[in-house]
K.L.:
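The following block contains the structure, expressed as structure tokens.
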There are 2 protein chains.
Amino acid sequence: METIGQIIRNKRENLGLLLRQVSAYADIDQAILSKIERNERKPNRELIIKLAEILKFDKDELLAQYMSDKIAYDIADEDCADRVLKLAEKKIKYLKTHSINS
Amino acid sequence: METIGQIIRNKRENLGLLLRQVSAYADIDQAILSKIERNERKPNRELIIKLAEILKFDKDELLAQYMSDKIAYDIADEDCADRVLKLAEKKIKYLKTHSINS
DNA sequence: ATCCGTCTTGACAATGTGTGTCAAATATGA
DNA sequence: TCATATTTGACACACATTGTCAAGACGGAT
């Protein structure tokens, strides 16, 4: 199973782009991007969106990968991870049906 | 649907305990506990465990409530929340079957 | 109304976490 | 060896979380 970093690196290399080029476009130091691709640092939402643009990802799909990575990282070591996900699903459904505002 | 704060407050009041008593046991300022019960601040994992002890919750169940709250809060405003959860589930399953260490 | 115990509120300090910057070190290939 | 690309580590800075404290609000009892 690919990590977010691997997904990004594979796509970048397939497109023949350099760290320097992508990081310049995303307006970050290339050291940061290097670390992100090796999962030494975690990207943030804003960066994911920029990377989706330059690397021609579907934005929502890359965001979903990013968010799910974060969640999996948070709860992977809980013995009750399954229960947590089920509860979260219920809560989200509840929030969506009951919230008036955004 | 009850929030973590409401769950804690209800249980505390049913047990007839004061903020002062519970917060002393958990070794935090009672102002913090007051805010947590009104969802003005978020508890952390360590506190959840202490609260489960003194308030006689099942520890794993309270932790599950706590984690799912956090997740729901993180991704409730994503349009692709369902996809995120499904991906997270897959990633967690993968991590559990493939990790040797804890 | 006053007193007393409980809870709430807001301002602030301390601490922790994430993020950005930089330069030196390490590949990799011509 | 030289040039280019990537990696690594140290550091500073900004932002978020957490803890501390005292004053204020509330409710019940007298």
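First the proteins, then the strands, lettered A, B, ... as listed; each starts at 1. Computed from a predicted structure; not experimentally measured. Only heavy atoms go into these numbers, but all of them, side chains included; no hydrogens, no water, no symmetry mates.
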K.L.:
Please report the distance, rounded to the nearest Å, between CG in B:N39 and P in C:dC7.
P.N.:
17 Å
K.L.:
Only Watson-Crick and G-U wobble pairs, only distances under 3.5 Å, only runs of 3 or more: what stems does that leave for DNA chain D?
P.N.:
C:1-30 with D:1-30
K.L.:
Decide, yes or no, whether a salt bridge links A:K11 with A:E2 under the criterion of side-chain N to carboxylate O below 4.0 Å.
P.N.:
no
K.L.:
Would you call A:L15 and A:V22 a side-chain contact if the rule is heavy atoms closer than 4.5 Å?
P.N.:
no
K.L.:
Quick check: is A:I54 connected to A:L62 through a chain of hydrophobic side chains (ILVMFWY, heavy atoms under 4.5 Å apart)?
P.N.:
yes
K.L.:
Is there side-chain contact between B:L19 and B:R12, with at least one heavy-atom pair below 4.5 Å?
P.N.:
yes
K.L.:
Expressed as a whole number of angstroms, how long is the span from A:E13:CD to D:dT6:C1'?
P.N.:
11 Å
K.L.:
What's the CG-P distance between B:N44 and D:dA16, to the nearest Å?
P.N.:
18 Å
K.L.:
Hey, can you pull the residues of residues 45-54 of chain A with a non-hydrogen atom under 4.0 angstrom from DNA chain D?
P.N.:
none
K.L.:
How far does NZ of A:K42 sit from CD1 of A:I48, to the nearest 0.5 angstrom?
P.N.:
12.0 Å
K.L.:
With distance as the sole test, does B:Y66 use its side chain to make a donor-acceptor pair with the main-chain N or O of B:R45 at under 3.5 Å?
P.N.:
yes
K.L.:
I need the CG-P distance between A:L33 and D:dT6, as an integer number of Å.
P.N.:
9 Å
K.L.:
Can you confirm whether A:K86 sits close enough to B:E89 that some side-chain heavy atom of one is under 4.5 Å from a side-chain heavy atom of the other?
P.N.:
no
K.L.:
Nearest whole Å is fine: how far is C:dT6 C1' from B:L17 CG?
P.N.:
14 Å
K.L.:
Are the side chain of A:K50 and the backbone N or O of A:Y25 linked by a donor-acceptor pair below 3.5 Å?
P.N.:
no
K.L.:
Just verifying a value: how many Å separate A:Q6 CD and A:T3 OG1, rounded to the nearest 0.5 Å?
P.N.:
3.5 Å
K.L.:
What is the nucleic acid contact for A:R20, judged by heavy atoms within less than 4.0 Å: base, sugar-phosphate only, or nothing?
P.N.:
sugar-phosphate
K.L.:
Distance check needed: D:dT20 P versus B:R41 CZ, whole Å only.
P.N.:
11 Å
K.L.:
Rounded to the nearest angstrom, tell me the gap between atom CD in B:Q21 and atom P in C:dT6.
P.N.:
8 Å
K.L.:
Given side chains that start at C-beta, do those of B:V84 and A:I71 come closer than 4.5 Å, heavy atoms only?
P.N.:
yes
K.L.:
Identify the pairs formed between an N or O of the protein and an N or O of nucleotides 7-9 of chain D at a distance under 3.5 Å, and give each distance.
P.N.:
residue : atom : partner : partner atom : Å
D:dT7   : OP1  : A:R9    : NH1          : 2.7
D:dT7   : OP1  : A:R9    : NH2          : 3.4
D:dT7   : OP2  : A:R9    : NH2          : 2.7
D:dT7   : OP2  : A:S34   : OG           : 2.7
D:dT8   : OP2  : A:R38   : NH1          : 2.4
D:dG9   : N7   : A:K35   : NZ           : 3.2
D:dG9   : O6   : A:K35   : NZ           : 3.1

K.L.:
Give a yes or no on whether the backbone of A:I75 and the side-chain of A:E78 come within a donor-acceptor separation of less than 3.5 Å.
P.N.:
no
K.L.:
What is the separation between atom CG on A:L18 and atom P on C:dG29, rounded to the nearest whole Å?
P.N.:
14 Å
